[in-house]
Amino acid sequence: MSERVNVKKKSPAPGSTPDASVSGESVPDAAGPDAAGPDAGKPIAAGKAEAVLPALGPLGTLRWAWTQLTSMRTALFLLLLLAVAAVPGSLFPQRPANPSIVTQYIKDHPDYGKILDSVQLYDVYSSAWFSAIYILLFISLIGCVIPRAIAHYKAMRSQPPRTPARLSRLPEYGTLVIPADAGIPASQAITDAAGLLKKRGYRVDVRDRDGKRPSLGAERGFLREVGNLLFHTSLIGVLVAVAVGGLFGYSGQRILVEGDTFVNTLVGYDQFTPGTNFQSSQLQPYSVQLDKFQITFDRESKGKFGQPINFKADVTTKETPDAPAKKEVLKVNDPLSLGGTSMYLTGNGYAPVVTVRDGAGNVAMQGPVVAKLQGDNYYSSVVVKVPDAKPEQLAFAGFFLPTAFVTDQGVSFSGDPELINPQLTLNSYYGDLGLNDGSPQNVFELDVRKLTPLNARNLDTKGIVLTPGTTHTLPDGKGSISFDGVKRYVGVDIHHNPGQLYALIFALLAVAGLVTSLYVNRRRVWVRTGTHEDGRTMVEYGLLARGEDHRLAGEAAAIRSLLARGWDVDAAVSDSSQSAPSGGADNDRAGTDVSGDGQAQAPTDPHATDFIPSSAGSPESKKDQ
């Protein structure tokens, strides 16, 4: 068995040694290193080892770093990293929310509390590492969006792609035949097709209108990428709005008892959380006075009897100290807008009015005391601290019952949320309250470990039980306490977020962009026409989608129907046994001719072979043209 080997000869380069193939020496076969000997691959390996890659240099390094940062993979990674970095903010107490809790946490965990503080885990959202991730994500998104926007702008200004040579390879392909007696030449047919596609929203470009095979390319669905760009741009806008709100916004809480006035200054807040770049000059000194708070309780339903069903706070507001007073109503989910802030009604309760006199008979404390809700029917705890009492500081702790009932065992409870039978049950103490050393304390809690009890249920002096208008004298001449009446109070949250409105707008735009990118499909259509030798006008069309498009077949059927109606031809499938050429038969067979005996014959026109859908639906038709 003979074997023929073709060897391509090369002329040696000037000054080089002639090739072995030219000089007649044996040439290793290209089959592999085994056929050429064990040392065949050594020159290549040695060349690779001796190859030296050029240095990137400072500019090349920066270009490489920018390419990596602005990739979509990096943006997704940074987004995931930002979510992970926010987790410590929910695991550890945060200093901006409550500094006293952070101080106590460090005292309770001396082994690692200061270490966590050194890595800013108590200030997560304003820490250097969280800000770095945030800024890098911001830059990465911008770097992703801008090049895509430029590329999309160029694509919108460019012409549709050229007409493929074989439209039958496209995923959706079809043909139509215009009878010769219709008088529609190929040039007019391509013009009509262009007009019909324009009405359907396609951008059309006609090619070789007066030639033998005129064609057109049409494209639509540019809004898909516009929606995608709008979505990513809106994400950037949301990040900016959130950053602006975190830098220049603030929030605070205040409890208002009926008759009290809140002035929007730093000392007017019970608790205040400023933004990173907050300045006290941002506070507009408006005022809000709580005139009356009303609650409507359910008195008809058996299952929810006594449940509050409506809250209403009548207030008097002033935009500035010199502005006229204005009567307004504050309700749940209906905030007041004053001085660029929003005031929300978040809580309510009762505030017993008490008067405490010290051992010398002087008034050491007088006014309402906020009772903290603890159970059903407005069962509330009460703490009264009297640091100005002489000679010993006084304190009281107990419960307030709007409608007091006593069980057979002598236990008091609240039977109704309305003020039907209000009762104040207290224990009294004296000693150092610990307020003079500057340590923060919770006004709703009393640490009795360093105090001496005066009145309690387990003492001979028993507890203090007061009703409105009654007074109890403390033992050992320590003073007295009077229950003067009851007022209502409300808890309000005040928020100022300059980026809140913009965050909402960008969020809605992001949703609109996402919906657009999901429901708008990028499609391309090509139409080619030609004239058969018997005078018929042959039309073929093909559709291609950019990406996934499960509605492309429906679009192809709609375009076929549109073209058929425009030329008044039958677009339905015809009976293949029809003996004479007709519009319906031609539209079904497209590229075949019919002889007198009804047998299909190959077309005699060489151009007509392009109309035969031989590869439609085959694997080749799925290729992108």
> Going from NZ on K331 to CG on N310, what distance comes out if it is rounded to the nearest 0.5 angstrom?
Replying inline: 6.0 Å
> With distance as the sole test, does D298 use its side chain to make a donor-acceptor pair with the main-chain N or O of Q307 at under 3.5 Å?
Replying inline: no
> CG of D460 to NZ of K462: how many Å apart, nearest 0.5 Å?
Replying inline: 7.0 Å
>> Under the rule for salt bridge (Lys or Arg N to Asp or Glu O under 4.0 Å), what residues qualify as partners of R299, not counting sequence neighbours?
In response: D416
> Looking at NZ of K385 and CG of L433, how far apart are the two atoms once the value is rounded to the nearest 0.5 Å?
Replying inline: 7.0 Å
>> Is there a side-chain contact between L446 and L451 in this structure, where contact means two heavy atoms from C-beta onward sitting under 4.5 Å apart?
In response: yes
>> Within the supplied structure, the quantity of interest is the number of heavy atoms (other residues, nucleotides, ligands) at a distance under 6.0 Å from Y502 OH; does it exceed 12?
In response: no
> So do F278 and L283 actually touch side chain to side chain, heavy atoms under 4.5 Å?
Replying inline: yes
> Within the side chain of T316, is there an N or O that forms a donor-acceptor pair under 3.5 Å with the backbone of Q289?
Replying inline: no
> Got more than 12 heavy atoms from elsewhere within 6.0 Å of OH, Y153?
Replying inline: no
> Do the non-hydrogen side-chain atoms of L424 and V354 ever get within less than 4.5 Å of each other?
Replying inline: yes
> Would a distance-only check, ignoring hydrogens and angles, find a side-chain to backbone donor-acceptor pair under 3.5 Å from T341 to H496?
Replying inline: no
>> Within the structure provided, determine whether S428 and I481 are in side-chain contact (heavy-atom separation under 4.5 Å).
In response: no
> Taking C-beta and beyond as the side chain, do P402 and N377 meet within less than 4.5 Å on heavy atoms?
Replying inline: no
> Above 12 or not: heavy atoms from other molecules or residues under 6.0 Å from CG of D376?
Replying inline: no
> So, does W129 use its side chain to make a donor-acceptor pair with the main chain of A85 at under 3.5 Å?
Replying inline: no
>> Would you say CG of D111 has more than 12 non-hydrogen atoms from neighbouring residues, nucleotides or ligands within 6.0 angstrom?
In response: yes
>> Could you check whether F297 and F305 have their ring centres less than 6.0 Å apart?
In response: no
> Mind checking whether Y379 and F399 have ring centres under 6.0 Å apart?
Replying inline: yes
> Side chain of S140, backbone of L69: donor and acceptor closer than 3.5 Å?
Replying inline: yes
> According to the ring pair (Phe, Tyr, Trp, His ring centres under 6.0 Å) rule, which pairs have a member within residues 333-368, sequence neighbours left out?
Replying inline: Y344-H495, Y350-Y378, Y350-F400
>> To check you understand the geometry: which heavy-atom pair defines the closest contact between F483 and P352, and what is its length?
In response: CE1-CB, 3.8 Å
> How close do N427 and G463 get, heavy atom to heavy atom, and via which atoms?
Replying inline: OD1-CA, 4.2 Å
>> As an exercise, state the distance from CG of L82 to CG of L137, rounded to the nearest 0.5 Å.
In response: 6.0 Å
> Just wondering, more than 12 heavy atoms not from N442 lying within 6.0 Å of its CG?
Replying inline: yes
> Has the side chain of R357 got a donor or acceptor atom that lies under 3.5 Å from a matching backbone atom of S480?
Replying inline: no
>> Taking side-chain hydrogen bond (donor to acceptor under 3.5 Å, both in side chains) as the cut-off, I'd like each qualifying pair that reaches into residues 72-97, sequence neighbours left out, listed once.
In response: S71-T74, R95-D117, R95-D123
>> Rounded to the nearest 0.5 Å, what separates atom CD1 in I150 from atom CG in L229?
In response: 11.0 Å
For residues 235-255, tabulate all N or O donor-acceptor pairs below 3.5 Å that involve a side-chain atom, not counting sequence neighbours.
residue, atom, partner, partner atom, Å
R254, NH1, G268, O, 2.7

>> If we ignore hydrogens and angles and just use 3.5 Å, is the side chain of Q284 paired with the main-chain N or O of E319 as donor and acceptor?
In response: yes
> Does any N or O in the side chain of S127 come within less than 3.5 Å of the main-chain N or O of V124, such that one atom is a donor and the other an acceptor?
Replying inline: yes
> Ignoring hydrogens and geometry, is there a side-chain-to-backbone donor-acceptor pair from Y429 to D447 under 3.5 Å?
Replying inline: no
>> Checking E225 now: which residues fulfil side-chain hydrogen bond (donor to acceptor under 3.5 Å, both in side chains) with it, not counting sequence neighbours?
In response: R148
> Any donor-acceptor pair under 3.5 Å linking the side chain of Q68 with the backbone of A65?
Replying inline: no
>> Filter on ring pair (Phe, Tyr, Trp, His ring centres under 6.0 Å), then keep only pairs touching residues 62-99, sequence neighbours left out; what's left?
In response: none
>> I'd like to know if D476 pairs up with K478 as an ion pair, taking the criterion as any Lys NZ or Arg NE/NH1/NH2 lying under 4.0 Å from an Asp or Glu carboxylate oxygen.
In response: no
> Knowing that exactly one of R488, K487, K312, K327 qualifies, which makes a salt bridge (Lys or Arg N to Asp or Glu O under 4.0 Å) with D291?
Replying inline: K327
